[in-house]
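Read through the structure below, which is laid out as structure tokens, and then see the notes.
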Amino acid sequence: MNVWCGGTSEEKDANEEVQKICDEIQSHAEDKAGRKFDVFTAKTFRTQLVAGTNYFIKVHVGEDEYIHLRVYKTLPHVGEKLALHSIKTSKAHDDPIEYF
């Protein structure tokens with residue numbers, strides 16, 4: 001798994017853990033985007049190891065629309081809390097997930 005401190009992993013298909021992160025962060029993403037999403041399905045993701053983990057997640061939000069989320073998850077010893085760092089809207093299915 002090509003991961004090094006500071007760099008992002010290869011893009012991988014979303015799994016149950018990543019969908020749970022999206023479920024927990026959905027209302028925060030809606031607040032930042034200024035709208036509600038009928039669909040909020042994680043599709044792919046990258047991770048970045050820092051003092052915790054950054055998740056860069058491509059999320060299907062309905063029709064042909066996707067958003068990219070940057071979610072920070074703290075280390076286990078501080079409770080593995082989630083925080084929505086930033087969001088990119090108006091993305092397409094083929095848009096690669098990039099660091100932001």
Side-chain angles (χ1 to χ4, degrees):
M1 177 169 68
N2 296 328
V3 177
W4 59 94
C5 195
T8 58
S9 70
E10 295 175 9
E11 194 167 324
K12 298 178 280 259
D13 289 338
N15 55 29
E16 188 177 335
E17 175 191 12
V18 173
Q19 184 60 52
K20 284 182 181 177
I21 290 170
C22 287
D23 293 345
E24 193 169 324
I25 219 78
Q26 180 175 353
S27 65
H28 300 284
E30 290 173 340
D31 289 346
K32 279 200 179 207
R35 59 178 276 218
K36 296 284 185 198
F37 299 114
D38 295 332
V39 178
F40 207 76
T41 307
K43 292 299 185 181
T44 58
F45 74 106
R46 292 177 179 263
T47 56
Q48 177 192 37
L49 297 176
V50 288
T53 304
N54 281 321
Y55 287 83
F56 299 89
I57 308 169
K58 182 185 294 183
V59 180
H60 179 230
V61 293
E63 304 286 326
D64 295 333
E65 190 179 358
Y66 292 78
I67 61 173
H68 292 181
L69 303 177
R70 179 176 171 184
V71 179
Y72 176 70
K73 184 177 184 181
T74 61
L75 293 170
H77 74 275
V78 290
E80 292 188 319
K81 295 181 178 85
L82 296 174
L84 178 61
H85 181 277
S86 49
I87 181 173
K88 289 190 160 210
T89 57
S90 302
K91 299 305 243 174
H93 172 73
D94 293 334
D95 288 342
I97 302 171
E98 298 173 343
Y99 180 92
F100 61 96

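Since we're looking at a predicted model, the values are computed, not measured. Along the sequence shown, residues are numbered consecutively beginning with 1.
Scanning both residues, V39 and G62, for their nearest heavy atoms gives CB-N, 3.8 Å. K91 approaches K88 most closely through the heavy-atom pair CG-O, 3.8 Å. Taking each heavy atom of E11 and R46 in turn, the nearest pair found is CA-CG, 3.9 Å. Here the shortest heavy-atom pairing between A42 and C22 reads CB-SG, 3.8 Å. Contact detail for T89 and A33: the closest heavy-atom pair is CG2-CB, 4.2 Å.
At a threshold of 4.0 Å, the pair E16-K20 counts as salt-bridged, since one of the basic side-chain nitrogens sits closer than that to a carboxylate oxygen. Between E17 and K73 there is a salt bridge, since a side-chain N of the basic residue sits under 4.0 Å from a carboxylate O of the acidic one. A salt bridge links R35 to E65: one of the charged nitrogens lies within less than 4.0 Å of a carboxylate oxygen.
Taking CD1 of I87 as the start and NE2 of H85 as the end, the distance is 13.0 Å to the nearest 0.5 Å. The CG atom of N54 sits 9.0 Å away from the CG atom of L49 when rounded to the nearest 0.5 Å. Here the NZ-NZ distance, from K43 to K58, works out to 10.5 Å after rounding to the nearest 0.5 Å. For the atom pair OG of S27 and NZ of K36, the computed distance is 7.0 Å after rounding to the nearest 0.5 Å. In this structure, I57 CD1 and T41 OG1 are separated by 12.5 Å, a value rounded to the nearest 0.5 Å. In this structure, CG in D31 is found 10.5 Å from CD1 in I25, a value given to the nearest 0.5 Å.
Side-chain atoms of F45 and L69, non-hydrogen and from C-beta on, never get closer than 4.5 Å to each other. Contact check for Y72 versus V50: side-chain heavy atoms found under the 4.5 Å cut-off. Side chains of H68 and D95 form a contact here, defined as non-hydrogen atoms less than 4.5 Å apart. Side chains of T44 and D13 form a contact here, defined as non-hydrogen atoms less than 4.5 Å apart. Between Y99 and R70, some side-chain heavy-atom pair lies under the 4.5 Å cut-off. Proximity of T47 to K12: side-chain heavy atoms (C-beta onward) are separated by under 4.5 Å at one or more points.
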| request: Could you check I67 against F37 for side-chain contact (heavy atoms from CB on, under 4.5 Å), going step by step and ending with a plain yes or no? | output: CA-CA 10 Å; I67 61 173; F37 299 114; 4.1 Å; yes
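Note: the hydrophobic cluster containing V71 does not contain I97 (ILVMFWY, side chain heavy atoms under 4.5 Å, direct or indirect links). Using a 4.5 Å cut-off between side-chain heavy atoms of Ile, Leu, Val, Met, Phe, Trp and Tyr, with links allowed through other members, F56 and F40 fall into different hydrophobic clusters.
Taking the six-membered ring where the residue is Trp, the centroids of Y66 and H93 are separated by under 6.0 Å.
Between the side chain of H60 and the backbone N or O of E63, at least one donor-acceptor pair lies under 3.5 Å.
Heavy atoms from other residues, nucleotides or ligands lying under 6.0 Å from CG of D64 number 12 at most.
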